[in-house]
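We use all heavy atoms of the structure for the numbers below, so side chains are in, but hydrogens, waters and symmetry mates are not. Convention: sequence-line order gives letters A, B, ...; per-chain numbering from 1. Just so you know, these numbers come straight off a predicted model, no measurement behind them.
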There are 2 protein chains.
Amino acid sequence: MTNHDQNCPNPDYPEKGHPLRMAKTMRSEAAEIVDLGELTKHLGYLMRRAQIWVFQDFIRTLATINIRPAQYSVLTVINANAGMTQMSLSKALGIERARLVHLLNELEARKFVDRRASKTDRRSHALHLTAKGRSALADIKSLAQEHEQHLADRVGRKNHQLLLRLLACFASG
Amino acid sequence: MTNHDQNCPNPDYPEKGHPLRMAKTMRSEAAEIVDLGELTKHLGYLMRRAQIWVFQDFIRTLATINIRPAQYSVLTVINANAGMTQMSLSKALGIERARLVHLLNELEARKFVDRRASKTDRRSHALHLTAKGRSALADIKSLAQEHEQHLADRVGRKNHQLLLRLLACFASG
DNA sequence: TATTGTTATACTCTATAACTATA
DNA sequence: TATAGTTATAGAGTATAACAATA
């Protein structure tokens with residue numbers, strides 16, 4: 001019996017097994033009993049496993065529109081802060097500015113984002129969503145909500161809210 | 001005011017700022033106000049930020065012994081399941097077997113781990129910690145506990161326990 | 001035929017350093 | 001001198017595919 005069976009409202013949601021790790025040829029279903037030792041007492045281990053689970057569900061749920069978590073976060077924050085600079089976006093999301101360049105190149109190539117000349121500082125760019133970007137974001141948000149519902153189904157609505165509150169301790173601090 | 005201020009027992013532990021992201025030259029401390037939009041309602045976003053925080057604290061706390069989270073998990077599970085195969089370890093930790101080869105090569109080069117011939121299946125290896133590996137793991141566990149205490153200090157002891165329970169829903173499932 | 005360990009490749013993301021053009 | 005954006009490189013980590021030895 002694995003650790004979560006006692007506590008998870010719906011341990012098998014959305015189907016048996018890890019979202020993207022369904023073995024192609026599963027001859028022996030016998031899941032070996034492996035002792036994880038101290039690992040299950042470490043928040044870091046559980047967070048890593050949980051984060052992989054969540055991101056894979058996100059990627060799968062938004063696969064039709066081909067948006068990954070990092071891209072979603074960039075679009076969302078630009079939408080909420082039109083005209084912001086790359087440095088500001090980089091700091092807000094904790095994404096290295098060098099990495100952000102590539103993310104923005106992709107989103108600009110897809111005509112979701114505009115880099116406009118700043119009026120006050122000619123070193124920096126003012127970031128804006130295009131009309132196409134705003135339209136796409138509406139669809140993306142809808143799918144992202146669907147994804148979030150998967151998580152709430154998995155862990156329970158109250159626990160979902162609780163996790164949001166508890167994890168905020170580590171964000172940005 | 002950031003999101004976690006109301007809820008975190010000790011929002012500034014262990015010092016101001018992110019563990020490894022202290023700017024080298026911080027002229028203007030004025031943290032710009034950036035609206036994160038819907039992101040703070042997404043478990044995935046908060047998990048990613050939290051996981052980065054936690055892993056960076058782990059890496060820093062165990063820097064003297066030069067052990068990273070993935071290496072720690074491998075040593076711990078081999079210790080608890082002497083003689084296990086690489087496939088079994090790969091499945092238990094959710095690490096691709098191709099990736100595990102490199103991890104084990106490193107740990108074998110450091111004389112922490114032995115790959116012995118299996119007695120029952122000549123395709124597979126039986127994994128064991130060496131005497132040096134067991135000795136090192138004792139020190140490593142002590143530092144890992146210190147790291148875990150940092151997390152408990154950050155989020156509060158009761159919340160720490162709560163998080164362990166809630167996140168287990170996503171692990172392994 | 002399928003599985004174990006291995007090698008190799010591609011892609012995402014992190015971490016740096018260096019460069020340019022501005023400030 | 002310092003900062004914004006860019007380019008480049010190195011290293012984790014993930015995801016695949018293919019191969020040899022073995023089952």
Q | Phosphate OP1/OP2 of dT14(D): any R48(A) side-chain N/O under 4.0 Å | A |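 For R48(A), the contact criterion (side-chain N or O under 4.0 Å from OP1 or OP2 of dT14(D)) is met.
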Q) Do the side-chain N or O atoms of Q56(A) get closer than 4.0 angstrom to the phosphate oxygens (OP1, OP2) of dA15(D)? A) yes
May I have the distance from [X] (atom [atom1]) to [N] (atom [atom2]), rounded to whole angstrom?
| X | N | atom1 | atom2 | result |
| --- | --- | --- | --- | --- |
| R97(A) | dA2(D) | CZ | P | 14 Å |
| R99(B) | dA15(D) | CZ | P | 12 Å |
| I59(B) | dG13(D) | CD1 | C1' | 12 Å |
| E96(A) | dT12(C) | CD | C1' | 15 Å |
| L104(B) | dG13(D) | CG | P | 13 Å |
| L103(A) | dG5(D) | CG | P | 14 Å |
| R68(B) | dA15(C) | CZ | P | 9 Å |
| K119(B) | dT4(C) | NZ | P | 20 Å |

(Q) Could you go through Y72(B) and Y45(A), starting from their C-alpha distance and side-chain angles, then the distance that decides it, and tell me whether this counts as ring-ring contact (aromatic ring centres under 6.0 Å, His included)? (A) CA-CA 10 Å; Y72(B) 172 71; Y45(A) 173 73; 9.4 Å; no
Q: May I ask you to say what S118(A) touches in the nucleic acid, namely base, sugar-phosphate or nothing, with a heavy-atom cut-off under 4.0 Å?
A: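 Here S118(A) touches no strand at all.
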Q) Which is true for R122(A) with a 4.0 Å heavy-atom rule: it touches a base, it touches only sugar-phosphate, or it touches nothing? A)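 It contacts sugar-phosphate atoms only.
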Does one hydrophobic cluster hold both [X] and [Y], with members joined at side-chain heavy-atom distances below 4.5 Å?
| X | Y | result |
| --- | --- | --- |
| L89(A) | I95(A) | yes |
| V101(A) | L75(A) | no |
| M87(B) | L36(A) | no |

Q: Map Q86(B) and F55(A) onto DNA chain C by nearest heavy atom, then report which one ends up closer to the 5' terminus.
A: Q86(B)
Q. Hey, which of these two, E106(A) or A98(A), hits DNA chain C nearer its 5' end, going by closest nucleotide?
A.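 Nearest nucleotide further toward 5': that of E106(A).
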Q. In terms of the nearest nucleotide of DNA chain D, which residue is placed more toward the 5' end: H102(A) or D121(A)?
A. D121(A)
(Q) Can you say whether a donor on the side chain of R123(B) sits under 3.5 Å from an acceptor on the base of dT3(C), or the other way round? (A)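 Yes.
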Q: State whether a side-chain donor-acceptor pair under 3.5 Å links D57(B) with H147(B).
A: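 Short answer, yes.
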